[in-house]
Amino acid sequence: MKILVAEDDATSLFMLQSLLEKWGYDAVALSDGVEALSVLNGEDPPLLAILDWMLPGLNGPEICRRLRMGGGARKGRPYQYIIMLTVKGEKENVVAGLDAGADDYVTKPFDSQELQMRIKVGERILLLQEQLRKAALYDSLTGLPNRRAVIDGLEGEIARSERSGESFAVALLDLDHFKEVNDSYGHATGDSVLAEAARRIRSAVRSYDLVGRYGGEEFLLVFPGLKGDDALRICERVCSVIEKKPFFPAPQQGSATPFTVTASLGICEWSPSSSGPDEMLMGADQALYRAKRKGRNAVCL
Ligand code: GH3
Ligand code: MG
Ligand code: MG
Ligand code: MG
Ligand code: MG
């Protein structure tokens, strides 16, 4: 794990860097506050930082305040765990440091074993935070982004097309007569069909297309850069990978007789005039309805 350490005293910085490396961390050592903030705000930033109070450019508490604007982590940014490490040991300093947004406060001279354990506390919090983030964004049955996450992705794609004028398309996929799968083979089989259908959909689209679980047996697909006709071709491939290979009942069902599942898809192409997520989803839903009316196992645009 990468740890940023910002300290303007060269000897202390060198000592901290050596300790971190001895403990197996990848240390990013800096002596300037502005640089530290820019690394923390950069691409693939360190998730844990040890900040001195007094630093040239920006001091430790000010870095904390800027990282915590709006409460915890800012939108689209990971939460970063901050340990203030400073000679300022007065109660008012501790209070001010934590109030600025530090997660922990250690005074110098510090005990290295204690610092190592406090870093481990930080790692625990970050791991928990990562587990919560995943649980909030991914569907546990299929492993796909959940409804909220895939709609977020759709909104991002709309914003991109509004800037670039480049088109893209969305598709709603609904498994056909899925209630019958549950009724005939049980709910466990229904669940395993959903998970397998998710894998097949993923395998039929391009790596940078977005696929999310939109609802029960419904999936939302987002195709960056594609016109409706090109999305149609990919959706036909999706239809075919679902239909062409058999599905099997869950083991507890006690039967190994394969069965077929099909899907219907409705596509909506983005255009500057019908641009919002709700309009696009409604357009895709209407196309899906037509695909169902056509007899299912079909794609409509
Ligand atoms: P249609 O072709 O018109 O879409 O028919 P359908 O049976 O698929 O449609 P309907 O909306 O009537 O039924 C959807 C079914 O999907 C009902 C619901 O029990 C089932 N379902 C939704 N979520 C899950 C799930 O997580 N697991 C399982 N096993 N079944 C689910
Ligand atoms: Mg200093
Ligand atoms: Mg449905
Ligand atoms: Mg259905
Ligand atoms: Mg239905």
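First listed ligand is number 1; within each ligand, the first listed atom is number 1.
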Quiz item: Within a reach of under 6.0 Å around CZ of Arg293, are more than 12 heavy atoms found that belong to other residues, nucleotides or ligands?
Solution: no
Quiz item: How about Met282: does its CE atom have over 12 heavy atoms from other parts shown lying under 6.0 Å from it?
Solution: no
Structural part of [X] in contact with ligand 1, heavy atom criterion under 4.0 angstrom:
| X | result |
| --- | --- |
| Glu218 | neither |
| Asp191 | both |
| Thr189 | neither |

Quiz item: Which one of Glu217, Arg296, Lys292 has a non-hydrogen atom at the shortest distance from atom 11 (O) of ligand 1?
Solution: Glu217
Exercise. Could you give me the CA-CA distance, side-chain angles and deciding distance for Arg65 and Glu62, then say whether salt bridge (Lys or Arg N to Asp or Glu O under 4.0 Å) is met?
Key: CA-CA 5 Å; Arg65 267 190 288 276; Glu62 193 50 37; 3.2 Å; yes
As an exercise, identify every atom of ligand 1 less than 4.0 angstrom from a heavy atom of [X].
| X | value |
| --- | --- |
| Gly216 | 22 (C), 23 (N) |
| Asp174 | 4 (O) |
| His177 | 1 (P), 2 (O), 5 (O), 6 (P), 7 (O), 8 (O) |

Quiz item: Among the N, O or S atoms that Asp174 has, which is closest to the Mg ion (ligand 4)?
Solution: OD1
Practice problem: Looking only at N, O or S atoms, find the one in Glu217 nearest to the Mg ion (ligand 4) and name it. | Solution: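 Sorting the N, O and S atoms of Glu217 by distance to the Mg ion (ligand 4) puts OE1 first.
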Purely on distance, is any nitrogen or oxygen of [X] under 3.5 Å from one on ligand 1?
| X | answer |
| --- | --- |
| Gly190 | no |
| Leu194 | no |
| Glu180 | no |

Quiz item: Under the side chain to side chain contact (heavy atoms under 4.5 Å, CB included) test, which residues partner Gln113, sequence neighbours left out?
Solution: Asp111
Practice problem: Taking only Lys NZ, Arg NE, NH1 and NH2, and the carboxylate oxygens of Asp or Glu, determine whether Glu130 and Arg133 approach each other closer than 4.0 Å. | Solution: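 Yes, charged N to carboxylate O under 4.0 Å.
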Practice problem: Can you label the angle between the Phe259 ring and the Tyr185 ring as parallel, tilted or perpendicular, going by 30° and 60°? | Solution: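 Plane angle under 30°, so parallel.
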Self-check item: Metal proximity, Lys179 vs the Mg ion (ligand 4), N/O/S cut-off 2.8 Å
Solution: no
Quiz item: How many angstroms lie between atom CG of Leu194 and atom OG1 of Thr142, to the nearest 0.5 angstrom?
Solution: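 The OG1 atom of Thr142 is 8.0 Å from CG of Leu194, to the nearest 0.5 Å.
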Self-check item: Interatomic spacing from OH in Tyr214 to CG in Asn146 - rounded to 0.5 Å
Solution: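 If we round to the nearest 0.5 Å, Tyr214:OH and Asn146:CG are 12.5 Å apart.
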Quiz prompt | the Mg ion (ligand 3) to Glu218: nearest N/O/S atom name | solution =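 Relative to the Mg ion (ligand 3), the closest nitrogen, oxygen or sulfur of Glu218 carries the name OE2.
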Quiz item: Hydrophobic clusters join Ile, Leu, Val, Met, Phe, Trp and Tyr when side-chain heavy atoms are under 4.5 Å apart, directly or via other members; which others share one with Tyr138?
Solution: Leu137
